[in-house]
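Pasting a structure here, questions to come.
Please read all numbers here as calculations on a predicted model, not as lab measurements. Throughout, protein chains are lettered first and strands after them, A, B, ... in sequence-line order, and every chain is numbered starting at 1.
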Amino acid sequence: MSNEENKTTVQSNFIRDIIDKDLGTNKHEGRVHTRFPPEPNGYLHIGHAKSICLNFGIAKDYNGMCNLRFDDTNPSKEEVEYVDSIKEDIKWLGFDWEDREYYASDYFDQLYEYAVKLIKKGKAYIDSSSFDEIKTMRGTPTEPGKNSPYRERPINESLELFEKMKNGEFEDGKYVLRAKIDMSSPNMNMRDPIMYRIRHANHHRTGDKWCIYPMYDWAHGQSDSIEGITHSLCTLEFENHRPLYDWFIRELEIFAPQQIEFARLNLSYTIMSKRKLLLLVQKGIVDGWNDPRMPTLSAIRRRGYTPESIRNFAESVGVAKRDNVIDISVMEYSVREHLNKTAQRVMAVLNPLKVVITNYPEDQVEELEAVNNPEDETMGKRKVPFSKELFIERDDFMEDPPRKFFRLSPGNEVRLRYAYIIKCEEVIKDDDGNVIELRCTYDHETKSGTGSSNRKVKGTLHWVSATHCFNAEVRLYDRLFNVPDPGGDKEVDFLDHLNPDSLKVLENCKMEPYISSAEKGDKFQFERLGYFCVDTKYTTDEKLVFNRTVTLRDTWAKIEKQMSQN
RNA sequence: UGUCCCGUGGUGUAAUUGGCAACACGUCUGACUCUGGAUCAGAAGUCUCCAGGUUCGAGUCCUGGCGGGACAGCCA
């Protein structure tokens, strides 16, 4: 990752400013220690990538450390499957937590002791109120809450009940442990928040050891403290919780991390809510968590994005506190930028149209030399077979072209990439008037690479030899939603905004022979079309399946769009 | 009619902490090109939410508005 990152200047942001200031005052003896704390209840998405890059990136830049900690305090939602995928995704992104793989559940014993301490201090109590009673007594944002009738329960009684809770003597919901703070606080998080609830559930790590589980608000800050986290970076919605976390730390008299909140990433035409993503998976609207149209890291990886491009993307969107929506084009730019330098060029024809070169010798085959990557000479050259019968892209021919169309049309000339200039002499149609074949002539003098090939033509087309190419499947992806903010309108179901054309599967696309040795995950630029990678899910020994990662920048498409609007 | 947070080109992020508002994406020109890619050159677009105040000087400090967001799970 070093080369890539040296190039990108690290943008200053308010979090780095704070850290610089802390370093200046020698706040934690110059120590910088962050952590990435996912809950293992779903797959990581591009929003998490921002947080991962931030936390690991800062640790790296300040010679500090970054822990991976799973916030696994709710056994009913969490699964090992998610733990595994999260670890895989972080590694793929290029970050290393070394031996610091932690779990909030590692601290359940300690947390229990801390809770006992607060009860003994008279700062926590067992409440016997029902779910609904607690809800009612909490008040609203504009109205203060009411004290629970059990708020003044004697310390010894709370202690005893708490122990019995732990020992499994009560059913779910019978009691909760609450912090005793202030039911009239304007900050609702301070209205005697619940610290423990009874949940007779099997935990993916602790099994049946516990039947009481700490709430996130109780577990999180203390976990940070236990790990000696100096700067705990989290998203804006926890801003109102900070006073509570500080209160716990102060009452417990333990190490105090500093929480700093930043705005989460939003992407246009995308949803980031784990709940909604899960719904797409469960309803079968997408083909699993790693469907290439999903914003999850596993999907983005399958689609052909590189870790470098995601890291650069995360850097380029910056970090601040105001709500933001990043245009999807920023992300597309970052992959193109990386793939342009690294992807092998090949030729593939997605929607084939047959071309016969009438003046080309019947059985002749020429092996033409093609450049593998004009951005990187070390990637070398390859041979591409040329023969009398070819396929070109259907879109590259128009019988009645508009003025700015530089491609093939009757009587017009174009160059075939790495080959000859050809001229369209005749258009063959079927009974319905569909163009099914083009008859062209070639100019022998214009062979690519020879000195005599200086003749200029406006357009250059990609092509494959009909007798040498092979078939493959290509999947074209477009945005999953057709509005910029699919989750924005609470009145409308986000599923109403699904883009019906988000996936197009093309069978029998024509590939140049070189591609046949491609393996799962390999990335290519199909010249003039875009970046594609070999799909890891549907590719078999018999059939290659390609995912389109992103198109090339397409000025012609832009012109076409403008013309259709006028 | 509470508490907290946030308002800088279309989008996002900067501004040496009070000194001519910059960078990226996007948009538009042009050059070059055997990828309508890449590259290169250039342009438009922000009087920094509004109104006062402090100051020689305010995006930055103060006051008051306005606008947006978060908070009423035994979720995280």
Pairwise distance CG(Leu339(A)) to OH(Tyr305(A)) - rounded to 0.5 angstrom: 9.5 Å
rG30(B) and rC71(B), which share atom name P, separated by this distance in whole Å: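 Here rC71(B) and rG30(B) have their P atoms 50 Å from each other.
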Arg153(A) CZ to Ile119(A) CD1 distance, which is reported to the nearest 0.5 Å: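 Result: 10.5 Å between the selected atoms.
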Option among Phe162(A), Tyr125(A), Tyr213(A), Phe108(A) that satisfies the ring pair (Phe, Tyr, Trp, His ring centres under 6.0 Å) test with Tyr196(A): Phe162(A)
Residue closer to the 5' end of RNA chain B, Leu416(A) versus Val330(A) (nearest nucleotide):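 In this pair, the answer is Val330(A).
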Electrostatic pair Arg69(A)-Asp106(A), nearest N-O below 4.0 angstrom: no
Atom P, compared across rC50(B) and rG59(B): separation rounded to whole Å: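 Pairwise P distance, rC50(B) against rG59(B), rounds to 11 Å.
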Distance-only donor-acceptor check, side chains Glu39(A) and Tyr216(A), under 3.5 Å: no
Sugar-phosphate only, base, or nothing, as touched by Val325(A) at under 4.0 Å among non-hydrogen atoms: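 Counting heavy atoms under 4.0 Å across all strands, the contact made by Val325(A) is with sugar-phosphate only.
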Test: Arg205(A) and Asp72(A) ion pair at under 4.0 Å: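 No salt bridge links Arg205(A) with Asp72(A).
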Of the listed nucleotides rU35(B), rG37(B), rG12(B), the one nearest the side chain of Ile326(A): rG12(B)
Value rounded to 0.5 Å, distance of NE2 in His220(A) from CD1 in Ile229(A):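 It is 9.0 Å, given to the nearest 0.5 Å.
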Interatomic spacing from CG in Asp485(A) to OH in Tyr269(A) - rounded to 0.5 Å: 10.5 Å
Met563(A) CE - rG36(B) P separation (whole Å):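 It is 16 Å, rounded to the nearest whole Å.
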Separation of rG12(B) P from Tyr269(A) OH (nearest whole Å): 14 Å
rA24(B) and rG9(B), which share atom name C1', separated by this distance in whole Å: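 Here rG9(B) and rA24(B) have their C1' atoms 13 Å from each other.
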Syn/anti state of rU13(B) by chi, 90° boundary around 0: anti
Gap separating the CH2 atom of Trp218(A) from the CG atom of Leu118(A), nearest 0.5 angstrom: 4.5 Å
Nearest-Å distance for atom pair CZ/P, residues Arg407(A) and rU35(B):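 So the CZ-P distance, Arg407(A) to rU35(B), works out to 13 Å.
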Glu413(A) and Arg455(A) ion-paired at < 4.0 Å: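 Salt bridge flag = yes for Arg455(A) with Glu413(A).
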Most 5' of Lys21(A) and Thr142(A) on RNA chain B, judged by nearest nucleotide: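 It is Thr142(A), whose closest nucleotide lies nearer the 5' terminus.
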Rounded distance in Å between the C1' positions of rU27(B) and rG45(B): 9 Å
Any Lys558(A) side-chain N or O less than 4.0 Å from OP1/OP2 of rC28(B):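 Checking Lys558(A) against rC28(B): at least one side-chain N or O falls below 4.0 Å of OP1 or OP2.
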Aromatic ring pairing His241(A)/Tyr245(A), orientation class (parallel under 30°, perpendicular over 60°, tilted between): tilted
OG on Ser51(A) to NE2 on His45(A), rounded to 0.5 Å: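 One gets 10.0 Å once the value is rounded to the nearest 0.5 Å.
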Nucleotide of rC25(B), rG37(B), rU13(B) approaching Asn324(A) most closely (side-chain heavy atoms):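 Out of rC25(B), rG37(B), rU13(B), the nucleotide with an atom closest to Asn324(A)'s side chain is rU13(B).
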Separation of the P atoms in rC25(B) and rG19(B), to the nearest angstrom: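 Nearest-Å result for rC25(B) against rG19(B) at atom P: 28 Å.
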C1'-based separation of rC62(B) from rU55(B) [nearest Å]: 12 Å
Interatomic distance, Ile392(A) CD1 vs rU35(B) P [rounded to whole Å]: 17 Å
Sugar-phosphate only, base, or nothing, as touched by Phe405(A) at under 4.0 Å among non-hydrogen atoms: base
base_contact_polar (rU8(B) base, Arg322(A) side chain, donor-acceptor, <3.5 Å):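 A donor-acceptor contact between them is present.
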Per Asp17(A) side chain, nearest of listed nucleotides rU17(B), rG37(B), rC25(B): rU17(B)
Donor-acceptor pair between Ser223(A) and Arg35(A) side chains, under 3.5 angstrom: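 No, Arg35(A) and Ser223(A) have no side-chain donor paired with an acceptor closer than 3.5 Å.
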Strand RNA chain B as a dot-bracket string - pairs counted if Watson-Crick or G-U with both distances under 3.5 Å, | where the partner lies in another strand: .((((((..((((.....[..)))).(((((.......))))).....(((((..]....))))))))))).....
Out of rG36(B), rC6(B), rG12(B), whichever nucleotide has its closest atom nearest the side chain of Thr460(A):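 Nearest to the side-chain atoms of Thr460(A), counting from C-beta on, is rG36(B).
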B/S/- contact track for nucleotides 18-23 of chain B, protein heavy atom under 4.0 Å: ------
Distance test, side-chain N/O of Ser12(A) to OP1/OP2 of rA15(B), below 4.0 Å: yes
Gap in Å between the two C1' atoms, one belonging to rA14(B) and one to rA22(B), rounded: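 That atom pair is separated by 7 Å.
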Sugar-phosphate only, base, or nothing, as touched by Gln525(A) at under 4.0 Å among non-hydrogen atoms: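 Counting heavy atoms under 4.0 Å across all strands, the contact made by Gln525(A) includes a base.
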Protein proximity profile, nucleotides 66-76 of chain B - base contact B, sugar-phosphate-only contact S, no contact -, cut-off 4.0 Å on heavy atoms: ---SBBBSBSB
Charged N-O contact under 4.0 Å between Arg264(A) and Glu237(A): yes
Nucleotide rU8(B), atom C1' - distance to CZ of Phe14(A) in whole Å: 17 Å
Pair of N/O donor and acceptor under 3.5 Å linking rG37(B) base with Arg336(A) side chain: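 No, no donor-acceptor pair under 3.5 Å.
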Proximity to the side chain of Lys321(A) - top-ranked nucleotide from rG36(B), rU35(B), rC6(B): rC6(B)
Reference residue Asn41(A); test side chain to side chain donor-acceptor pair (under 3.5 Å); the match among Lys274(A), Glu79(A), Lys77(A): Lys274(A)
Length of the CZ-P vector between Phe313(A) and rG26(B), whole Å: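 Nearest whole value for this atom pair: 13 Å.
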Torsion-based syn/anti label for rG64(B), 90° from 0 as limit: anti
Euclidean distance for C1', rC49(B) against rG7(B) (whole angstrom):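 Each nucleotide's C1' atom is 6 Å from the other's.
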d(CG, Asn312(A); P, rC25(B)) in whole Å: 12 Å
Rounded distance (Å) that lies between atom P of rG36(B) and atom CZ of Phe406(A): 10 Å
Check: Glu375(A) side chain, rG37(B) base, donor-acceptor under 3.5 Å: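 Answer is yes: a donor-acceptor pair is held.
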Phosphate OP1/OP2 of rC4(B) contacted by Arg242(A) side-chain N/O (<4.0 Å): no
